[in-house]
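Convention: sequence-line order gives letters A, B, ...; per-chain numbering from 1.
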Amino acid sequence: MRTRIALIALALMVMSGTTLAEGPVRLVFMGRDGVYESAMRLAISLYKMVKPEVTIEYVGLPWAGLREKIVIELAEGRGTFDLILLDDPWTAEFLPAGLLEPLDGLFAAAGQELSSDFVPSAVALGRWPYPQGTQYALPVVGNVQLFAYRVDLFEKHGLSHPPATWADVVEAAQVIQAREPGVFGNVFRGAPGNDIVTSFLPILWAHGGDVIVDGKSGVDSAEFRAALSVFLALARFAPGDVGVYKAARLREVLLAGNAAMALEVWPAWIPELDDPKVSLVVQKVQLFPHPGQVAKSAPMLGIWLLGIPATSTKKAEAFDFLLYVTSPEIQKVMALHVGNPPTLTSLYRDPELIARYRWYPAQLEALLTGVARPRTAAWSRMEDMLGGFLNEALTGIRSPEDTVRAAHDAITRILAEER
Amino acid sequence: MNKTRTRDLIARTQIGFERRIHLWLLLPAALLFLLLTVFPIIYNGYISLYHFAFIRRVFSFVGMRNYSVLLQDRLFITSILNTLQFVLLATAGEVVLGTALALLFNVRFRGRRALLPMTVLPMMLPTTVVCAVWVILYDHDFGFMNQVLKAVGLGPIRWLSDPRFALGSLVLVDIWQWTPFVLLVLLAGLQSIPDYLYEAAQIDGATPLQMIRHITLPILSFHIRFVILLRLIDTFRIFDKVYTMTGGGPGYTTETISLYIFREGFRYFNLGYAAAASIVMLLLVLSLSILYARRMWREIRA
């Protein structure tokens, strides 16, 4: 009851100054399902208390379904939706095509400015050209990869922690797997496509490489080869079937205490680690931004942004909700009640939130040092190609050198087609 | 005389009227068929001649270029070969096992009524559930299959991530799920064979194996051929199992045509190219089905 009253009070406190059309308004919001949906629905219900005349209908879809719907909706220009939630790599496809409304005019019309509290790396993902161009979308979910390791096992086997470099990670994986029966040195997502690429990129970035360097393929490089060598070394201390592991399987292995390290965890999964109902490793897992190597730590950003389709007929009303959902008060409520990771720097330093989520300082560090995936409209195709070849290397179909050559040729061909 | 003529005239009018009624009754189905099957195929053929990048709204005529690029794409050729391998192995496994089970369930034995619904249960389950269960069963380190292998002194197998076993593992799941369908079709066929044929054979001193060979299988051959045709067409469309269980991996060893088309069409939105790949797939399925069906009808008529 007390929570409910607090939420109502809070909702009434956060009033935006935008002048809106009089009379009832219906907005349609297309977004993700799961925890994202819970967070957005909470914000929508609070907004209803402030603006009872505005009804927001939320359509929650899984990742692939959402992308398909957004593409069809935006490219066809139907104007059915007024707000859409976007995964950050999609902006490189949608923003250059002019499918989203620039926010500058809407900020000016509302007499508002872009908050300087947004995590810089997160807010830059909503701009085109990236990272300094026009703002088209605002970050609402501060997702970033974190590295997870078992403190108890590191201390038991006299390993210094957290591991400072990827070489330390390989060594720790080897030591723990040899000495700890039933525990793998590490676990990661190795399935072809997005899964394996997401696991591999922080290692590549820490070795100073990238998939695209100065508009050309960066695959045929010493950095890529070094990163691939570390990745394949880690696979020797991972579950035998890691080549088909996706997020769900990785989570199961980590929660069951069958792995000493996970090359990545995402904020939405973390609360489960300390939940004794589902986890056998309560308070045993420590999270931190990924290790560096020759370059500094480089976790992958996975920010979700909220934008307004250029075809929406209720842009001012949609923008008013956009400001509301990205306000510090609502971001904090969504973090406290649903576990939605905020996108505002100040909230990661909020004592109440840190008391609830012990990893928030590490998460902020990861967000500040986080790296975005290459900003190209052809990223989906590149990711699939690279993911296929990396998986071939992982499962022994191709030698590392053959993998480098094949991936380089494929990325070069895709870049040429894009031009 | 006049009466007979009048009766003939009435009969002819009635036949004409009935024919017209039949045509009118067929019309809604024919319209739906034209709208939902014929039109999409024609439209698909049309856009396959264009470079159609949906997001950037690029739509330019390229003639047969999509087809020539497609046929030079090693991944597409691999996906065709994988699909054909899957189709042949899965269909053969399902028909052989389904026939054996149908023969078994055609015999009255204790517990048959309880066992039959349990046997057909796999085909009632949603494919995503089937895949989720089998992924756990196949797990290299914790899965049931490798526990069984260990118990009999064999080493564990990387069922889904070893290129030598991945496609076979998917075939096994398809056999597990769809053999019950074959069983039901063939059991219906077996139940329609009159008992007196077996009684006569028994009087003539035929053994059970001889009865299966000379009575059951010849009569059942139409059902078997029909069910083979259905399974060929269905397995050709294999998508969900690959998408959920291996994602086309390890590497591209379980990449199938449907998965290839899905990626081009719904991930890259390269619609012209995806349409060309769909037309190639349609031609493959059609040629396979027509060849098989024609042979089947010819033999039945003979």
Portion of [X] that has a non-hydrogen atom of chain A nearer than 4.5 angstrom:
X: Asp141(B); answer: side chain
X: Thr244(B); answer: backbone
X: Phe142(B); answer: side chain

Using non-hydrogen atoms and a 4.5 Å limit, figure out which bit of [X] sits close to chain B: side chain, backbone, both or neither.
X: Ile72(A); answer: both
X: Ala64(A); answer: side chain
X: Asp195(A); answer: neither
X: Met382(A); answer: neither

Counting heavy-atom pairs under 4.5 Å with chain A, which one of Pro156(B), Gly247(B), Pro250(B) comes out on top?
Pro250(B)
Name the option with the most non-hydrogen atom pairs under 4.5 Å to chain A; the candidates are Glu255(B), Met245(B), Arg57(B).
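Heavy-atom pair counts peak at Arg57(B).
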Is it true that, when you exclude Phe144(B) itself, more than 12 heavy atoms of the residues, nucleotides or ligands shown sit nearer than 6.0 Å to its CZ?
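Atom CZ in Phe144(B) is not crowded, with 12 or fewer foreign heavy atoms closer than 6.0 Å.
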Check the surroundings of atom CZ in Arg65(B): do more than 12 heavy atoms from other residues, nucleotides or ligands lie under 6.0 Å from it?
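Not more than 12 within 6.0 Å, no.
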With a 4.5 Å heavy-atom cut-off (strictly below), which parts of residues 160-173 of chain B touch chain A? List them by number.
Leu160(B), Ser161(B), Pro163(B)
Residues from residues 28-52 of chain B approaching chain A under 4.5 Å (heavy atoms)
none
Considering heavy atoms only, which positions within residues 409-418 of chain A lie below 4.5 Å of chain B?
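The stretch touches chain B at Glu418(A).
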Residues of residues 233-251 of chain A near chain B, each having a heavy atom less than 4.5 Å away
Pro239(A), Gly240(A), Asp241(A), Gly243(A), Val244(A), Tyr245(A), Lys246(A), Arg249(A)
Minimum heavy-atom distance [X]-[Y], with the two atoms named:
X: Ala97(A); Y: Ile55(B); answer: CB-O, 4.0 Å
X: Gly251(B); Y: Pro192(A); answer: O-CG, 4.3 Å
X: Tyr252(B); Y: Gly388(A); answer: OH-CA, 3.5 Å
X: Ala75(A); Y: Phe54(B); answer: CB-CE2, 3.5 Å

Side chains of [X] and [Y], heavy atoms from C-beta outward: is any pair under 4.5 Å?
X: Val71(A); Y: Phe266(B); answer: no
X: Arg67(A); Y: Phe269(B); answer: yes
X: Arg381(A); Y: Asn270(B); answer: yes

Between Asp384(A) and Tyr268(B): side-chain donor-acceptor atoms closer than 3.5 Å:
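Result is yes, a qualifying pair exists.
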Return the CD1 to CD distance between Ile136(B) and Glu252(A), rounded to the nearest 0.5 Å.
6.5 Å
